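For reference, the structure is listed below as C-alpha coordinates.
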There are 2 protein chains.
Amino acid sequence: MMADRLAERLAGRIPAGAASPQRRLAAVAVELPDGVTPPGTRGSILRAALGLFSEFGFHGTSVRQIAAAVGINPATLYAHYPSKEHVLAELVFLGHRELYLRLSGALEQAGPSTAGQLAALVSEHALIHCDYPLLAVVANTELHALSAELAGPALEMRARCSDLLLTVLTDGAASGEFEMSDPVLTAIAIAGHGMHIAHWFVPGDPYDRGQVADGYAQLALRMVGARA
Amino acid sequence: MMADRLAERLAGRIPAGAASPQRRLAAVAVELPDGVTPPGTRGSILRAALGLFSEFGFHGTSVRQIAAAVGINPATLYAHYPSKEHVLAELVFLGHRELYLRLSGALEQAGPSTAGQLAALVSEHALIHCDYPLLAVVANTELHALSAELAGPALEMRARCSDLLLTVLTDGAASGEFEMSDPVLTAIAIAGHGMHIAHWFVPGDPYDRGQVADGYAQLALRMVGARA
DNA sequence: GTCTATATCTTGATAGAC
DNA sequence: GTCTATCAAGATATAGAC
(Lines give C-alpha, C1' and ligand atoms only; values in the text may rest on other atoms or scores of the structure.)
Protein backbone atom coordinates (compact mmCIF):
# COMPACT_ATOMS: atom_id res chain seq x y z
CA MET A 1 0.00 0.00 0.00
CA MET A 2 1.37 3.37 -1.02
CA ALA A 3 0.15 5.03 2.13
CA ASP A 4 2.22 2.76 4.36
CA ARG A 5 4.92 5.39 4.64
CA LEU A 6 2.39 7.89 5.91
CA ALA A 7 1.19 5.45 8.53
CA GLU A 8 4.77 4.95 9.64
CA ARG A 9 5.35 8.69 9.71
CA LEU A 10 2.25 9.27 11.80
CA ALA A 11 3.34 6.57 14.19
CA GLY A 12 6.52 8.61 14.62
CA ARG A 13 8.86 6.10 13.08
CA ILE A 14 9.64 8.20 10.04
CA PRO A 15 10.05 11.92 10.60
CA ALA A 16 8.87 14.09 7.73
CA GLY A 17 11.91 15.45 6.00
CA ALA A 18 14.98 15.65 8.21
CA ALA A 19 13.16 17.16 11.16
CA SER A 20 12.55 15.75 14.62
CA PRO A 21 9.63 13.34 15.02
CA GLN A 22 7.88 15.51 17.59
CA ARG A 23 7.46 18.56 15.36
CA ARG A 24 4.15 20.34 15.60
CA LEU A 25 3.53 20.06 11.90
CA ALA A 26 5.01 18.16 9.00
CA ALA A 27 5.03 20.90 6.37
CA VAL A 28 7.89 23.34 5.89
CA ALA A 29 7.10 25.82 3.10
CA VAL A 30 6.26 29.23 4.52
CA GLU A 31 3.37 30.56 2.48
CA LEU A 32 0.67 33.18 2.84
CA PRO A 33 -2.44 33.50 0.67
CA ASP A 34 -2.10 35.56 -2.50
CA GLY A 35 -2.69 39.25 -2.14
CA VAL A 36 -2.65 39.38 1.63
CA THR A 37 1.08 39.72 2.32
CA PRO A 38 2.04 43.32 3.06
CA PRO A 39 4.85 44.65 0.84
CA GLY A 40 8.45 45.17 1.92
CA THR A 41 9.84 44.60 5.36
CA ARG A 42 6.43 44.34 6.97
CA GLY A 43 5.67 41.35 4.79
CA SER A 44 9.06 39.79 5.48
CA ILE A 45 8.44 40.10 9.20
CA LEU A 46 5.07 38.44 8.81
CA ARG A 47 6.47 35.50 6.86
CA ALA A 48 9.40 35.01 9.23
CA ALA A 49 7.07 35.11 12.23
CA LEU A 50 4.78 32.60 10.53
CA GLY A 51 7.61 30.12 10.15
CA LEU A 52 8.85 30.55 13.70
CA PHE A 53 5.48 30.71 15.45
CA SER A 54 4.30 27.58 13.65
CA GLU A 55 7.38 25.68 14.74
CA PHE A 56 8.09 26.98 18.25
CA GLY A 57 4.91 28.78 19.23
CA PHE A 58 4.39 32.43 20.09
CA HIS A 59 5.95 32.22 23.55
CA GLY A 60 8.73 30.00 22.22
CA THR A 61 9.80 32.63 19.68
CA SER A 62 11.63 35.85 20.51
CA VAL A 63 11.64 39.16 18.69
CA ARG A 64 15.35 38.66 18.18
CA GLN A 65 14.73 35.38 16.34
CA ILE A 66 12.18 36.97 14.05
CA ALA A 67 14.52 39.87 13.31
CA ALA A 68 17.41 37.49 12.63
CA ALA A 69 15.28 35.49 10.22
CA VAL A 70 14.36 38.66 8.35
CA GLY A 71 17.89 40.01 8.47
CA ILE A 72 17.01 43.21 10.30
CA ASN A 73 17.79 44.67 13.68
CA PRO A 74 15.30 43.78 16.42
CA ALA A 75 14.45 47.43 16.90
CA THR A 76 13.37 47.74 13.27
CA LEU A 77 10.44 45.42 13.89
CA TYR A 78 8.84 48.08 16.06
CA ALA A 79 8.73 50.48 13.13
CA HIS A 80 6.23 48.08 11.53
CA TYR A 81 4.36 46.53 14.45
CA PRO A 82 3.73 47.98 17.91
CA SER A 83 4.48 44.66 19.59
CA LYS A 84 5.19 40.98 19.00
CA GLU A 85 1.58 40.29 19.90
CA HIS A 86 0.38 42.48 17.03
CA VAL A 87 2.39 40.40 14.56
CA LEU A 88 0.63 37.29 15.82
CA ALA A 89 -2.73 39.05 15.74
CA GLU A 90 -2.31 39.87 12.05
CA LEU A 91 -1.41 36.27 11.21
CA VAL A 92 -4.30 34.86 13.23
CA PHE A 93 -6.78 37.20 11.62
CA LEU A 94 -5.45 36.61 8.10
CA GLY A 95 -5.84 32.88 8.59
CA HIS A 96 -9.39 33.08 9.85
CA ARG A 97 -10.50 35.59 7.24
CA GLU A 98 -9.05 33.50 4.43
CA LEU A 99 -10.86 30.47 5.77
CA TYR A 100 -14.19 32.26 5.86
CA LEU A 101 -13.76 33.74 2.40
CA ARG A 102 -12.91 30.40 0.83
CA LEU A 103 -15.62 28.46 2.65
CA SER A 104 -18.37 30.93 1.79
CA GLY A 105 -17.11 31.09 -1.78
CA ALA A 106 -17.21 27.32 -2.11
CA LEU A 107 -20.71 27.21 -0.69
CA GLU A 108 -21.94 29.81 -3.16
CA GLN A 109 -20.66 27.78 -6.11
CA ALA A 110 -22.22 24.56 -4.85
CA GLY A 111 -25.55 23.39 -6.17
CA PRO A 112 -28.85 23.13 -4.30
CA SER A 113 -28.35 19.64 -2.85
CA THR A 114 -27.19 19.66 0.73
CA ALA A 115 -24.93 16.68 0.02
CA GLY A 116 -23.18 18.70 -2.67
CA GLN A 117 -22.96 21.68 -0.34
CA LEU A 118 -21.41 19.58 2.40
CA ALA A 119 -18.90 18.06 0.01
CA ALA A 120 -17.97 21.53 -1.26
CA LEU A 121 -17.53 22.85 2.27
CA VAL A 122 -15.47 19.91 3.48
CA SER A 123 -13.32 19.83 0.34
CA GLU A 124 -12.53 23.51 0.58
CA HIS A 125 -11.83 23.18 4.29
CA ALA A 126 -9.34 20.41 3.56
CA LEU A 127 -7.75 22.29 0.67
CA ILE A 128 -7.04 25.46 2.62
CA HIS A 129 -5.38 23.41 5.35
CA CYS A 130 -3.28 21.66 2.71
CA ASP A 131 -2.35 24.97 1.10
CA TYR A 132 -1.51 26.93 4.25
CA PRO A 133 -0.72 24.47 7.03
CA LEU A 134 1.63 26.85 8.86
CA LEU A 135 -0.94 29.60 8.87
CA ALA A 136 -3.63 27.19 10.03
CA VAL A 137 -1.50 25.91 12.89
CA VAL A 138 -0.64 29.42 14.05
CA ALA A 139 -4.19 30.69 13.69
CA ASN A 140 -5.57 27.81 15.71
CA THR A 141 -2.95 26.94 18.28
CA GLU A 142 -1.68 30.43 19.07
CA LEU A 143 -5.01 32.25 19.19
CA HIS A 144 -5.06 31.76 22.94
CA ALA A 145 -1.88 33.79 23.32
CA LEU A 146 -3.73 36.92 22.20
CA SER A 147 -5.59 39.31 24.45
CA ALA A 148 -9.37 39.23 24.10
CA GLU A 149 -9.24 42.50 22.20
CA LEU A 150 -6.77 41.32 19.57
CA ALA A 151 -8.43 37.91 19.25
CA GLY A 152 -11.89 39.36 18.66
CA PRO A 153 -11.85 39.86 14.87
CA ALA A 154 -10.59 36.32 14.30
CA LEU A 155 -13.22 34.88 16.61
CA GLU A 156 -15.91 36.67 14.62
CA MET A 157 -14.71 34.96 11.43
CA ARG A 158 -14.57 31.62 13.23
CA ALA A 159 -18.16 31.95 14.36
CA ARG A 160 -19.29 32.59 10.79
CA CYS A 161 -17.45 29.47 9.60
CA SER A 162 -19.15 27.34 12.25
CA ASP A 163 -22.50 28.67 11.12
CA LEU A 164 -21.89 27.69 7.50
CA LEU A 165 -21.32 24.05 8.39
CA LEU A 166 -24.06 23.78 10.99
CA THR A 167 -26.59 25.31 8.63
CA VAL A 168 -25.82 22.79 5.89
CA LEU A 169 -26.09 19.90 8.35
CA THR A 170 -29.40 21.00 9.85
CA ASP A 171 -30.80 21.75 6.38
CA GLY A 172 -29.84 18.25 5.24
CA ALA A 173 -31.36 16.71 8.33
CA ALA A 174 -34.59 18.69 7.86
CA SER A 175 -34.95 17.70 4.20
CA GLY A 176 -34.22 14.05 4.93
CA GLU A 177 -31.14 14.05 2.74
CA PHE A 178 -29.02 13.37 5.81
CA GLU A 179 -29.69 11.06 8.71
CA MET A 180 -27.71 11.75 11.88
CA SER A 181 -28.34 10.85 15.49
CA ASP A 182 -26.71 14.12 16.57
CA PRO A 183 -26.04 16.93 14.08
CA VAL A 184 -24.03 19.05 16.52
CA LEU A 185 -21.65 16.26 17.48
CA THR A 186 -21.30 15.40 13.81
CA ALA A 187 -20.54 19.01 12.95
CA ILE A 188 -17.89 19.16 15.65
CA ALA A 189 -16.20 16.02 14.37
CA ILE A 190 -16.23 17.18 10.75
CA ALA A 191 -14.93 20.63 11.68
CA GLY A 192 -12.05 19.06 13.57
CA HIS A 193 -10.77 17.27 10.49
CA GLY A 194 -9.37 20.37 8.82
CA MET A 195 -7.11 21.45 11.64
CA HIS A 196 -5.76 17.95 11.91
CA ILE A 197 -4.73 17.98 8.26
CA ALA A 198 -2.53 21.02 8.83
CA HIS A 199 -0.46 18.96 11.25
CA TRP A 200 0.23 15.88 9.15
CA PHE A 201 -0.05 16.93 5.51
CA VAL A 202 3.01 17.18 3.28
CA PRO A 203 2.35 17.81 -0.42
CA GLY A 204 2.51 14.58 -2.38
CA ASP A 205 3.65 12.45 0.56
CA PRO A 206 1.80 10.33 -0.29
CA TYR A 207 -1.36 12.26 -1.09
CA ASP A 208 -1.79 15.43 -3.08
CA ARG A 209 -4.22 18.08 -1.94
CA GLY A 210 -7.02 16.87 -4.19
CA GLN A 211 -6.88 13.34 -2.83
CA VAL A 212 -7.05 14.63 0.71
CA ALA A 213 -10.03 16.84 -0.12
CA ASP A 214 -11.88 14.00 -1.84
CA GLY A 215 -11.12 11.57 0.95
CA TYR A 216 -12.43 13.82 3.68
CA ALA A 217 -15.51 14.83 1.66
CA GLN A 218 -16.35 11.17 1.27
CA LEU A 219 -15.88 10.56 4.98
CA ALA A 220 -18.13 13.49 5.84
CA LEU A 221 -20.89 12.22 3.57
CA ARG A 222 -20.72 8.86 5.32
CA MET A 223 -20.80 10.52 8.74
CA VAL A 224 -24.00 12.41 7.98
CA GLY A 225 -25.65 9.33 6.52
CA ALA A 226 -26.12 10.90 3.10
CA ARG A 227 -28.23 8.74 0.81
CA ALA A 228 -25.96 7.43 -1.91
CA MET B 1 -32.32 21.15 20.49
CA MET B 2 -30.40 20.64 23.71
CA ALA B 3 -27.06 20.82 21.98
CA ASP B 4 -27.69 24.34 20.68
CA ARG B 5 -25.71 25.81 23.55
CA LEU B 6 -22.72 23.73 22.60
CA ALA B 7 -22.94 24.92 19.02
CA GLU B 8 -23.02 28.50 20.25
CA ARG B 9 -20.09 27.85 22.54
CA LEU B 10 -18.07 26.32 19.75
CA ALA B 11 -18.85 29.28 17.55
CA GLY B 12 -17.28 31.40 20.29
CA ARG B 13 -20.44 33.22 21.27
CA ILE B 14 -20.70 31.54 24.66
CA PRO B 15 -17.47 31.05 26.55
CA ALA B 16 -17.36 27.92 28.68
CA GLY B 17 -17.66 28.99 32.27
CA ALA B 18 -16.48 32.52 32.90
CA ALA B 19 -13.29 32.19 30.90
CA SER B 20 -12.24 33.99 27.75
CA PRO B 21 -13.60 32.63 24.46
CA GLN B 22 -10.16 31.93 23.01
CA ARG B 23 -9.08 29.49 25.69
CA ARG B 24 -7.19 26.45 24.51
CA LEU B 25 -9.58 24.08 26.17
CA ALA B 26 -12.97 24.29 27.79
CA ALA B 27 -12.41 22.08 30.82
CA VAL B 28 -11.05 23.32 34.13
CA ALA B 29 -10.70 20.46 36.63
CA VAL B 30 -7.05 19.50 37.08
CA GLU B 31 -6.94 15.74 37.25
CA LEU B 32 -4.39 13.01 36.81
CA PRO B 33 -5.14 9.29 36.38
CA ASP B 34 -5.46 7.23 39.55
CA GLY B 35 -2.26 5.82 40.93
CA VAL B 36 0.12 7.83 38.79
CA THR B 37 0.44 11.02 40.80
CA PRO B 38 3.63 11.08 42.84
CA PRO B 39 3.08 11.71 46.56
CA GLY B 40 3.81 14.95 48.40
CA THR B 41 5.28 18.06 46.88
CA ARG B 42 6.38 16.32 43.73
CA GLY B 43 2.75 15.47 42.97
CA SER B 44 1.61 19.00 43.80
CA ILE B 45 4.15 20.40 41.37
CA LEU B 46 2.95 18.03 38.69
CA ARG B 47 -0.69 19.00 39.16
CA ALA B 48 0.05 22.73 39.25
CA ALA B 49 2.16 22.45 36.10
CA LEU B 50 -0.62 20.51 34.40
CA GLY B 51 -3.10 23.31 35.03
CA LEU B 52 -0.73 26.03 33.89
CA PHE B 53 0.79 24.25 30.89
CA SER B 54 -2.65 23.31 29.60
CA GLU B 55 -3.80 26.91 29.80
CA PHE B 56 -0.74 28.93 28.82
CA GLY B 57 1.60 26.39 27.28
CA PHE B 58 5.06 25.32 28.38
CA HIS B 59 6.83 28.46 27.17
CA GLY B 60 4.01 30.63 28.47
CA THR B 61 4.43 29.32 32.01
CA SER B 62 7.30 30.23 34.34
CA VAL B 63 8.82 28.23 37.15
CA ARG B 64 7.76 31.03 39.48
CA GLN B 65 4.12 30.61 38.45
CA ILE B 66 4.23 26.89 39.10
CA ALA B 67 5.84 27.43 42.49
CA ALA B 68 3.28 30.09 43.40
CA ALA B 69 0.43 27.74 42.47
CA VAL B 70 1.92 25.04 44.70
CA GLY B 71 2.72 27.48 47.48
CA ILE B 72 6.43 26.77 47.55
CA ASN B 73 9.54 28.74 46.79
CA PRO B 74 10.73 28.52 43.16
CA ALA B 75 14.01 26.99 44.32
CA THR B 76 12.18 24.11 45.97
CA LEU B 77 11.01 22.84 42.58
CA TYR B 78 14.58 21.93 41.74
CA ALA B 79 14.74 19.55 44.70
CA HIS B 80 12.11 17.45 42.85
CA TYR B 81 12.84 18.00 39.17
CA PRO B 82 16.15 18.90 37.52
CA SER B 83 14.44 21.40 35.20
CA LYS B 84 11.11 22.76 34.05
CA GLU B 85 11.44 20.60 30.95
CA HIS B 86 11.57 17.47 33.09
CA VAL B 87 8.24 18.37 34.69
CA LEU B 88 6.71 18.60 31.24
CA ALA B 89 8.37 15.37 30.18
CA GLU B 90 6.77 13.50 33.06
CA LEU B 91 3.33 14.86 32.20
CA VAL B 92 3.72 14.07 28.51
CA PHE B 93 4.84 10.55 29.19
CA LEU B 94 2.11 9.90 31.79
CA GLY B 95 -0.51 11.00 29.29
CA HIS B 96 0.78 8.80 26.51
CA ARG B 97 1.29 5.76 28.72
CA GLU B 98 -2.20 6.05 30.16
CA LEU B 99 -3.63 6.26 26.66
CA TYR B 100 -1.81 3.14 25.53
CA LEU B 101 -2.78 1.18 28.65
CA ARG B 102 -6.45 2.04 28.32
CA LEU B 103 -6.60 1.46 24.57
CA SER B 104 -4.91 -1.91 24.71
CA GLY B 105 -7.08 -2.88 27.70
CA ALA B 106 -10.24 -1.96 25.83
CA LEU B 107 -9.12 -3.94 22.82
CA GLU B 108 -8.44 -7.03 24.92
CA GLN B 109 -11.93 -6.96 26.36
CA ALA B 110 -13.59 -6.54 22.96
CA GLY B 111 -14.98 -9.52 21.12
CA PRO B 112 -13.72 -11.05 17.89
CA SER B 113 -15.67 -8.83 15.48
CA THR B 114 -13.59 -5.99 14.06
CA ALA B 115 -16.59 -3.69 14.28
CA GLY B 116 -16.79 -4.35 18.00
CA GLN B 117 -13.06 -3.84 18.32
CA LEU B 118 -13.21 -0.53 16.51
CA ALA B 119 -16.11 0.65 18.65
CA ALA B 120 -14.23 -0.34 21.81
CA LEU B 121 -11.10 1.47 20.67
CA VAL B 122 -12.89 4.65 19.63
CA SER B 123 -15.06 4.70 22.75
CA GLU B 124 -12.09 4.33 25.04
CA HIS B 125 -10.18 6.94 23.08
CA ALA B 126 -13.06 9.38 23.55
CA LEU B 127 -13.48 8.53 27.24
CA ILE B 128 -9.87 9.16 28.18
CA HIS B 129 -10.00 12.53 26.47
CA CYS B 130 -13.19 13.33 28.38
CA ASP B 131 -11.64 12.21 31.66
CA TYR B 132 -8.27 13.92 31.34
CA PRO B 133 -8.63 16.79 28.85
CA LEU B 134 -5.87 18.89 30.44
CA LEU B 135 -3.42 16.02 30.34
CA ALA B 136 -4.37 15.25 26.75
CA VAL B 137 -3.86 18.84 25.66
CA VAL B 138 -0.47 19.07 27.35
CA ALA B 139 0.67 15.67 26.09
CA ASN B 140 -0.25 16.54 22.53
CA THR B 141 0.35 20.25 22.11
CA GLU B 142 3.48 20.60 24.25
CA LEU B 143 5.29 17.47 23.15
CA HIS B 144 7.19 19.56 20.61
CA ALA B 145 8.71 21.66 23.40
CA LEU B 146 10.70 18.64 24.60
CA SER B 147 14.13 17.64 23.39
CA ALA B 148 14.22 14.49 21.28
CA GLU B 149 15.66 12.59 24.22
CA LEU B 150 12.89 13.50 26.64
CA ALA B 151 10.17 13.07 24.04
CA GLY B 152 11.30 9.57 23.08
CA PRO B 153 9.41 7.44 25.62
CA ALA B 154 6.14 9.22 24.84
CA LEU B 155 6.65 8.79 21.11
CA GLU B 156 7.13 5.08 21.62
CA MET B 157 3.73 4.86 23.33
CA ARG B 158 2.17 6.95 20.59
CA ALA B 159 3.47 4.60 17.92
CA ARG B 160 1.92 1.63 19.70
CA CYS B 161 -1.44 3.41 19.86
CA SER B 162 -1.35 4.10 16.14
CA ASP B 163 -0.65 0.46 15.49
CA LEU B 164 -3.67 -0.68 17.48
CA LEU B 165 -6.07 1.34 15.37
CA LEU B 166 -4.44 0.65 12.03
CA THR B 167 -4.41 -3.09 12.72
CA VAL B 168 -8.13 -3.15 13.47
CA LEU B 169 -8.90 -1.18 10.32
CA THR B 170 -6.79 -3.33 8.00
CA ASP B 171 -8.18 -6.50 9.62
CA GLY B 172 -11.70 -5.29 9.03
CA ALA B 173 -10.91 -4.38 5.45
CA ALA B 174 -9.32 -7.79 4.84
CA SER B 175 -12.27 -9.70 6.27
CA GLY B 176 -14.78 -7.62 4.34
CA GLU B 177 -16.41 -6.36 7.49
CA PHE B 178 -15.30 -2.83 6.59
CA GLU B 179 -15.31 -1.13 3.23
CA MET B 180 -13.03 1.90 2.91
CA SER B 181 -11.51 3.60 -0.09
CA ASP B 182 -8.44 4.46 1.99
CA PRO B 183 -7.77 2.81 5.38
CA VAL B 184 -4.82 5.06 6.26
CA LEU B 185 -6.69 8.29 5.63
CA THR B 186 -9.63 6.90 7.57
CA ALA B 187 -7.36 5.93 10.47
CA ILE B 188 -5.88 9.42 10.54
CA ALA B 189 -9.31 11.02 10.65
CA ILE B 190 -10.57 8.73 13.40
CA ALA B 191 -7.41 9.18 15.46
CA GLY B 192 -7.81 12.94 15.24
CA HIS B 193 -11.22 12.87 16.90
CA GLY B 194 -9.91 12.16 20.38
CA MET B 195 -7.56 15.09 20.66
CA HIS B 196 -10.31 17.38 19.44
CA ILE B 197 -12.59 16.24 22.26
CA ALA B 198 -10.07 17.37 24.86
CA HIS B 199 -10.45 20.91 23.57
CA TRP B 200 -14.23 21.29 23.60
CA PHE B 201 -15.57 18.81 26.15
CA VAL B 202 -17.01 19.99 29.46
CA PRO B 203 -18.68 17.30 31.60
CA GLY B 204 -22.45 17.38 31.15
CA ASP B 205 -22.46 20.48 28.95
CA PRO B 206 -24.50 19.21 27.22
CA TYR B 207 -23.12 15.69 26.81
CA ASP B 208 -21.78 13.34 29.43
CA ARG B 209 -18.73 11.23 28.67
CA GLY B 210 -20.76 8.19 27.69
CA GLN B 211 -22.76 10.08 25.09
CA VAL B 212 -19.58 11.44 23.56
CA ALA B 213 -18.03 7.97 23.42
CA ASP B 214 -21.13 6.45 21.83
CA GLY B 215 -21.45 9.28 19.35
CA TYR B 216 -17.89 9.00 18.12
CA ALA B 217 -18.00 5.21 17.99
CA GLN B 218 -21.05 5.43 15.78
CA LEU B 219 -19.33 7.97 13.53
CA ALA B 220 -16.27 5.74 13.22
CA LEU B 221 -18.38 2.76 12.22
CA ARG B 222 -19.99 4.84 9.51
CA MET B 223 -16.61 6.09 8.30
CA VAL B 224 -15.26 2.57 7.82
CA GLY B 225 -18.40 1.43 6.05
CA ALA B 226 -19.19 -1.24 8.63
CA ARG B 227 -22.08 -3.43 7.59
CA ALA B 228 -24.97 -2.66 9.91
C1' DG C 1 13.20 53.04 8.01
C1' DT C 2 17.10 51.27 9.94
C1' DC C 3 20.56 51.35 12.95
C1' DT C 4 23.41 51.36 17.85
C1' DA C 5 22.85 51.33 22.41
C1' DT C 6 20.43 50.51 26.33
C1' DA C 7 16.66 50.55 29.89
C1' DT C 8 13.85 47.53 32.45
C1' DC C 9 12.15 43.36 33.54
C1' DT C 10 11.66 38.36 33.75
C1' DT C 11 13.58 34.13 32.99
C1' DG C 12 15.72 29.36 34.43
C1' DA C 13 18.69 27.82 37.54
C1' DT C 14 22.22 27.75 41.58
C1' DA C 15 24.66 28.59 46.27
C1' DG C 16 24.39 27.95 50.73
C1' DA C 17 22.00 28.52 55.41
C1' DC C 18 18.77 25.96 58.22
C1' DG D 1 13.32 19.61 51.73
C1' DT D 2 12.62 24.23 52.04
C1' DC D 3 14.09 28.58 52.38
C1' DT D 4 16.67 33.53 51.18
C1' DA D 5 19.40 35.58 48.08
C1' DT D 6 21.29 35.98 43.78
C1' DC D 7 23.51 35.12 39.27
C1' DA D 8 23.73 35.30 34.36
C1' DA D 9 21.17 35.30 30.41
C1' DG D 10 17.47 36.49 27.66
C1' DA D 11 13.12 38.89 27.18
C1' DT D 12 10.29 43.10 25.23
C1' DA D 13 10.55 47.49 24.17
C1' DT D 14 12.46 52.43 23.74
C1' DA D 15 15.69 56.57 22.86
C1' DG D 16 17.94 58.88 19.69
C1' DA D 17 21.46 59.29 15.78
C1' DC D 18 21.54 58.91 10.78
Side-chain angles (χ1 to χ4, degrees), chain A residues 22 37-93 138 141-151, chain B residues 22 37-93 138 141-151:
Chain A
Q22 77 268 27
T37 314
T41 303
R42 187 179 167 102
S44 302
I45 291 170
L46 209 57
R47 276 189 300 269
L50 174 59
L52 289 163
F53 289 166
S54 68
E55 193 77 39
F56 307 110
F58 176 72
H59 290 298
T61 301
S62 69
V63 171
R64 283 169 168 80
Q65 285 176 290
I66 300 170
V70 178
I72 57 170
N73 190 282
T76 303
L77 184 144
Y78 294 91
H80 300 275
Y81 292 94
S83 75
K84 188 177 86 160
E85 191 185 347
H86 283 79
V87 179
L88 174 62
E90 178 156 353
L91 286 169
V92 170
F93 178 67
V138 170
T141 71
E142 302 302 330
L143 172 65
H144 74 276
L146 293 174
S147 67
E149 196 183 353
L150 286 180
Chain B
Q22 78 267 27
T37 315
T41 303
R42 189 179 166 100
S44 302
I45 292 170
L46 209 56
R47 275 189 300 269
L50 175 58
L52 289 162
F53 289 166
S54 68
E55 192 76 40
F56 307 110
F58 176 72
H59 291 297
T61 301
S62 71
V63 170
R64 282 169 172 79
Q65 285 177 290
I66 300 171
V70 178
I72 57 170
N73 190 281
T76 302
L77 185 143
Y78 293 91
H80 300 274
Y81 291 95
S83 74
K84 188 176 86 160
E85 190 185 348
H86 282 80
V87 180
L88 175 63
E90 179 156 353
L91 286 170
V92 169
F93 177 67
V138 169
T141 70
E142 303 301 329
L143 172 66
H144 74 276
L146 292 174
S147 67
E149 196 182 353
L150 287 180

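Quick caveat, the model's predicted, so the values are computed rather than measured.
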Could you measure the distance from the [atom1] atom of [X] to the [atom2] atom of [Y]? Nearest 0.5 Å is fine.
{"X": "R42(A)", "Y": "L77(A)", "atom1": "CZ", "atom2": "CG", "value": "10.0 Å"}
{"X": "S62(B)", "Y": "K84(B)", "atom1": "OG", "atom2": "NZ", "value": "7.0 Å"}
{"X": "E55(A)", "Y": "Q65(A)", "atom1": "CD", "atom2": "CD", "value": "11.0 Å"}

Residue pair [X] / [Y], side-chain heavy-atom distance below 4.5 Å:
{"X": "I72(A)", "Y": "I45(A)", "answer": "yes"}
{"X": "I66(A)", "Y": "F53(A)", "answer": "yes"}
{"X": "L146(B)", "Y": "V92(B)", "answer": "yes"}
{"X": "P38(B)", "Y": "H80(B)", "answer": "no"}

Using a cut-off of under 3.5 Å, enumerate the N/O to N/O pairs linking the protein to nucleotides 15-18 of chain D.
none

Nearest heavy atom decides the nucleotide; on that basis, is P74(A) or P82(B) closer to the 5' end of DNA chain C?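 Final value for this comparison: P74(A).
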
Going by salt bridge (charged side-chain N to carboxylate O under 4.0 Å, His left out), name the residues that satisfy it together with R64(B), two or more places apart in sequence or in a different chain. none

If you restrict it to nitrogen or oxygen atoms, what contacts under 3.5 Å exist between nucleotides 8-12 of chain C and the protein, and what is each distance?
from	atom 1	to	atom 2	distance (Å)
dG12(C)	OP1	T61(B)	O	3.4
dG12(C)	OP1	K84(B)	NZ	2.8
dG12(C)	OP2	V63(B)	N	2.8
dG12(C)	N7	R64(B)	NH1	3.0
dG12(C)	O6	R64(B)	NH2	3.2

Tell me: [atom1] of [X] to [atom2] of [N], nearest whole Å?
{"X": "N73(A)", "N": "dG1(C)", "atom1": "CG", "atom2": "C1'", "result": "11 Å"}
{"X": "Y81(A)", "N": "dT2(C)", "atom1": "OH", "atom2": "C1'", "result": "17 Å"}
{"X": "H80(B)", "N": "dA13(C)", "atom1": "NE2", "atom2": "P", "result": "16 Å"}
{"X": "I66(A)", "N": "dG10(D)", "atom1": "CD1", "atom2": "P", "result": "17 Å"}

Name the nucleic acid region contacted by I72(B), choosing base, sugar-phosphate or nothing; use a 4.0 angstrom heavy-atom cut-off, strictly under. sugar-phosphate

Counting just side-chain N and O atoms, does T76(A) come under 4.0 Å of either OP1 or OP2 of dG1(C)? no

Output yes when at least one side-chain N/O atom of T41(B) is less than 4.0 Å from OP1 or OP2 of dG1(D), else no. no

Grab the two heavy atoms, one from A67(A) and one from N73(A), that are nearest each other, plus how far apart they are.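 Heavy-atom minimum between the residues: CB-C, 3.9 Å.
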
